[in-house]
Amino acid sequence: MSELQIYNTESRRKETFKPIQPGKVGLYVCGVTVYDYCHVGHARVMVVFDTFVRHLRAQGYDVKYVRNITDIDDKIINRALERGESINALTARFIDAMHEDERALNVLPPDEEPRATEYMQDILQMIETLLGKGCAYRADNGDVYFSVRDFPDYGRLSHKKLEDLEAGARIDVNAAKKDPLDFVLWKAAKPEEPEEAKWSAPFGLGRPGWHIECSAMSTRCLGPHFDIHGGGMDLQFPHHENEIAQSECATGEHFVNYWMHVGFVRINDEKMSKSLGNFFTIRDVIKAYHPEVLRTFLLSAHYRSPVNYSEDNLEKAKAELQRLYGALENIMPGEAVADTDYERRFDAALNDDLNTPQAFAVLFELARDVNKSQEPALAGLLVKLGQRLGILYDTPEAFFRSDAGADLSEEEIERLIEARNQARKDRDFARADQIRDELKAAGIELLDGPEGTRWRRV
RNA sequence: GGCCGGGUGGUAGAGUGGCUAUACAGAGGAUUGCAAAUCCUUGGACGUCGGUUCGAUUCCGGCCCCGGCCUCCA
C-alpha cells in the first residue's frame, strides 16, 4: 500500500504523513463565521476535508475531526443590529442552514463542532497564560494584544519576515498597540454593543479576538500538539500564523505538524468572496443542479488549485457524473470485488496529497469496465469508491430525473412513452418520432433498451 | 513594493526527463426503425526566450501574463 503524502504549507513540499500516535489522526479545520449563508467557497473547504477524512478512515486511521464555528465577531454583531435580531437567533439560524447545506452535499458531520461562545473559559485561560508569560499586554483602551515581537518564529508558516510585513503594512492607526503587527486577543466592550456580546474577564468586560478562539478550542479538543490543521488559503496569514504564535507561547509545545490549505473558488478569474459580493450560495446552486454535481465540480480539480465557478464547468461536472451513473443504470450493484487494481490505484491517487482528479480518472476506467462486463461486483466497487468521494449515493433513476424545471409530470411522461411504444409496435414511426421530439422539447430524453424505454431529464 | 502559487490539446483537468491521463466536445466504425446510451478506433497540448542533457512539456534562469496574501474573508 502506498504511503499518505500531504503537502505541508509550512515546508512547501509534500511530506510523508506520520501521525503523532500510530493509527490516529487529530485534525482541526477552521470553519465559518455564521452571519450569512454558506457559499461555494465554503462548500469547497467542507467537501475537501470531508473527502480527506473519508479517505483517512478508509485507510484505517482513527480520526478525530474538529471543525469550529465562529459565532461571535464584528460582522455577526453588525448583522444582528442591522436586522434587529438577537445574536443568538441569527447565529442559530445560519448554523442550521449550514448543516442543511452540508447534508445536501453528503458532507459528514465533524466529530466535534466547537463554538467560540461555548469555550469562553478556555479562551480566558489562554489569554491569562499569555499575559502571565509576558507575550501579551493590556493596552490603555482596555484591549489585550499579543506581542508579535515576543514570538521569534513569527512568519514561519506564511514565510514572511517581520521587516517585510512592516514595510507593506497598511496604515493602521491604532495608538493602543505597541507595534503595528500586534493583534488583538480581547476586545474591550463598547457601550453601543449588545449585552449578548459582552463577557466578563479578569482583564475587563469584552469579547475574544478572532484568532484566539481557534487556539483555545483546538487545544481543548485535540491537545496542545496535534497532527493536521486546515482551512482556506486566505487563512494562512494572518489567522494561522497568529494561531501558531499564541498557541506555542501559551503551551510551550509545537502546535501542528501539517498545514493544509484549500485553494479558492473563482468567478471570472477573481476570488469568490463575501467582500467582493461575487458569491453564489450553496442553496442557490443546488436549486439548479443535483448536489452531487456541485460536489463533483469541487473535487474535479486538485484541492490546492484554483477552481473557476461557471455554469459551463458545472455542466461538465454534470456530464461526468452522468457518465458514472450511466454505468449503474442497468445493473444491480453487488458486493464490491476486493483487492483490485482499480482500488489500489484509487487509494494511491488519494494518498498522493488527495489527488481527486486522478481518483476520478480511475472511476471512469472502472465505469467503462462495468459497461462492458456488466459485472455486479464491479458495479459494487464503483459505488463503493464513488461514495468515498461522497458521490453515487443516489439511484441512477433518481439522479437522471432530478433536474428541476421540466414541465411534464412523471405520469404524463410515462403516458407519452406508452403511446410511443404502441406506435412503434404498429410501425407508425412518424408518430413515434413525433412523440420523441415532443418530449425532447420538454427536456426529456428517451433511451430504448432491451428491457423497454427509459427516460432522463437533460 | 515584499512574499507565495500558477500558465498543458476546442473546453475542463492530472501527470511525466524519452513510453495512452481522464471527462466533455470532434472524426470514423459497431449497434439502433430513427435516436440515445454503450463499445471500438482516432486527430489535437504543454506561455515565451535561453541554459543543462544523447533527449525537456517535465530540471535551471530571464521575460510576459494570471491569481492570491501583506486589512475582515473558506
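All values reported here derive from a predicted model rather than from experimental measurement. Proteins get letters first, then strands, A, B, ... in listed order; numbering begins at 1 in each.
A:K287 and A:D284 are joined by a salt bridge, as a carboxylate oxygen and a charged side-chain nitrogen come within less than 4.0 angstrom of each other. Between A:D50 and A:R295, at least one side-chain nitrogen of the basic residue sits less than 4.0 Å from a carboxylate oxygen of the acidic one, meeting the salt-bridge criterion. In this structure, A:R388 pairs ionically with A:D347, as a charged nitrogen and a carboxylate oxygen lie closer than 4.0 Å. For the pair A:K384 and A:E343, the salt-bridge criterion is met [side-chain N within less than 4.0 Å of a carboxylate O]. Salt-bridge check for A:R344 with A:D341: passed, with a basic side-chain N closer than 4.0 Å to an acidic carboxylate O. Electrostatic pairing of A:D74 and A:K187 counts as a salt bridge here, judged by a charged N lying under 4.0 Å from a carboxylate O.
The side chain of A:R79 contributes no N or O atom lying less than 4.0 Å from OP1 or OP2 of B:C72. Residue A:W455 places none of its side-chain N or O atoms closer than 4.0 Å to OP1 or OP2 of B:A36. Residue A:N355 places at least one side-chain N or O under 4.0 Å from the OP1 or OP2 atom of B:G15. The phosphate of B:A14 has OP1 or OP2 within less than 4.0 Å of a side-chain N or O from A:S305. A:K318 has no side-chain polar atom (N or O) that falls below the 4.0 Å cut-off from OP1 or OP2 of B:A23. A sub-4.0 Å separation between OP1 or OP2 of B:A23 and a side-chain N or O of A:R368 is present.
Across all strands shown, A:K440 has no heavy atoms under 4.0 Å from either base or sugar-phosphate atoms. A:V265 comes within 4.0 angstrom of a nucleotide base, judged by non-hydrogen atoms across all strands. At a threshold of 4.0 angstrom between heavy atoms, the contacts of A:S300 are confined to the sugar-phosphate backbone, with no base atom among them. Within the 4.0 angstrom heavy-atom criterion, only backbone atoms of the sugar-phosphate kind lie near A:F237; the bases stay farther away. If you check every strand for non-hydrogen atoms under 4.0 Å, A:G31 touches sugar and phosphate atoms only. Within the 4.0 angstrom heavy-atom criterion, only backbone atoms of the sugar-phosphate kind lie near A:G231; the bases stay farther away. Here A:L235 lies in heavy-atom contact (under 4.0 Å) with sugar-phosphate atoms only. As judged by a 4.0 angstrom heavy-atom cut-off over every strand, A:H39 is placed among the base-contacting residues. Using a 4.0 Å heavy-atom cutoff across all strands shown, A:E445 reaches sugar-phosphate atoms only and no base atom.
Distance, A:L324 CG to B:C24 C1': 13 Å, rounded to whole Å. Atom CG of A:L157 is separated from atom P of B:C4 by 13 Å (rounded to the nearest Å). Taking atom CD of A:Q358 as the reference point, atom C1' of B:U20 lies 13 Å away to the nearest angstrom. For the pair A:M272 CE and B:C72 P, the interatomic distance rounds to 22 Å; values are reported in whole Å. The nearest whole Å value for the distance from the NZ atom in A:K161 to the C1' atom in B:G1 is 14 Å. The CG-P distance, from A:N8 to B:C4, rounds to 16 Å in whole Å. In this structure, A:M233 atom CE and B:C73 atom P are separated by 16 Å, rounded to whole Å. Rounded to an integer number of Å, the gap from CD of A:E320 to P of B:A37 is 16 Å.
Summarising the local packing, CG of A:D426 is surrounded by more than 12 heavy atoms from other residues, nucleotides or ligands at distances under 6.0 Å.
Comparing the C1' positions of B:U58 and B:U52 gives a spacing of 14 Å, expressed to the nearest Å. For the C1' atoms, the distance linking B:G13 with B:G7 amounts to 13 Å, nearest Å. Using atom C1' as the reference point in both B:A74 and B:G28, the two lie 47 Å apart (nearest Å). Comparing B:G51 with B:C24, their P atoms are spaced 42 Å from each other, to the whole Å. The separation of B:U20 from B:U8, taken at their C1' atoms, amounts to 16 Å, rounded to a whole angstrom. With P as the reference atom, B:G10 and B:C34 are 34 Å apart, rounded to whole Å. For the P atom pair drawn from B:C39 and B:U57, the interatomic distance equals 33 Å after rounding to whole Å. Look at the P atom in both B:U71 and B:A56: the space between them is 45 Å, to the nearest Å.
Remark: the A:T296 side chain and the A:E320 side chain contain no N/O donor-acceptor pair separated by less than 3.5 Å. A donor-acceptor contact under 3.5 angstrom links the side chains of A:N242 and A:Y154, judged on distance only. Side chains of A:D101 and A:H42: no donor on one and acceptor on the other come within 3.5 Å.
With hydrogens and angles ignored, a donor-acceptor pair closer than 3.5 Å exists between the side chain of A:K160 and the base of B:C69. The base of B:C73 has none of its N or O atoms less than 3.5 Å from a complementary donor or acceptor on the side chain of A:K274.
Between A:F17 and A:Y258, the distance from one ring center to the other falls under 6.0 angstrom. Between A:F183 and A:Y145, the distance separating the two ring centers is not shorter than 6.0 angstrom.
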Could you go over nucleotides 26-34 of chain B and give all protein N or O partners under 3.5 Å, atom names and distances?
from: B:G33; atom 1: O6; to: A:R420; atom 2: NH2; distance (Å): 3.2
from: B:G33; atom 1: O6; to: A:R424; atom 2: NE; distance (Å): 3.3
from: B:G33; atom 1: N1; to: A:D433; atom 2: OD1; distance (Å): 2.9
from: B:G33; atom 1: N2; to: A:D433; atom 2: OD1; distance (Å): 3.0
from: B:G33; atom 1: N2; to: A:D433; atom 2: OD2; distance (Å): 2.5
from: B:C34; atom 1: O2; to: A:D433; atom 2: OD1; distance (Å): 3.3
from: B:C34; atom 1: N3; to: A:R436; atom 2: NH2; distance (Å): 2.9
from: B:C34; atom 1: N4; to: A:R436; atom 2: NH2; distance (Å): 3.3
from: B:C34; atom 1: N4; to: A:D448; atom 2: OD2; distance (Å): 2.7

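Listed nucleotides B:C70, B:A12, B:A21 differ in distance to A:N313; the shortest reach to its side chain belongs to B:A12. The side chain of A:K271 sits closest to B:C69 out of B:C69, B:G2, B:U22. Closest approach to the A:L165 side chain among B:A23, B:C70, B:A74 is made by B:C70 (side chain taken as heavy atoms from C-beta onward). Of all nucleotides listed (B:A37, B:A74, B:A14), B:A74 comes nearest to the side chain of A:F264. Of the candidates B:C24, B:G5, B:A74, B:C24 carries the atom nearest the A:A319 side chain, counting heavy atoms from C-beta on. The side chain of A:K316 sits closest to B:A12 out of B:U38, B:A12, B:A74.
Within the 4.5 Å cutoff, no side-chain heavy atoms of A:F297 are placed close to those of A:K316.
Of the residues near RNA chain B, A:R454 and A:R44, the one whose nearest nucleotide (by heavy atom distance) lies more toward the 5' end is A:R454. In terms of position along RNA chain B, the nucleotide closest to A:A361 lies nearer the 5' end than the nucleotide closest to the other residue of the pair A:A361 and A:V40.
Stem analysis of RNA chain B (Watson-Crick or G-U pairs, both distances under 3.5 Å, runs of at least three) returns B:1-7 with B:64-70, B:10-12 with B:22-24, B:26-30 with B:38-42, B:47-51 with B:59-63.
Taking the six-membered ring where tryptophan is involved, the planes of A:W259 and A:F255 are tilted, since the angle between them lies from 30° to 60°.
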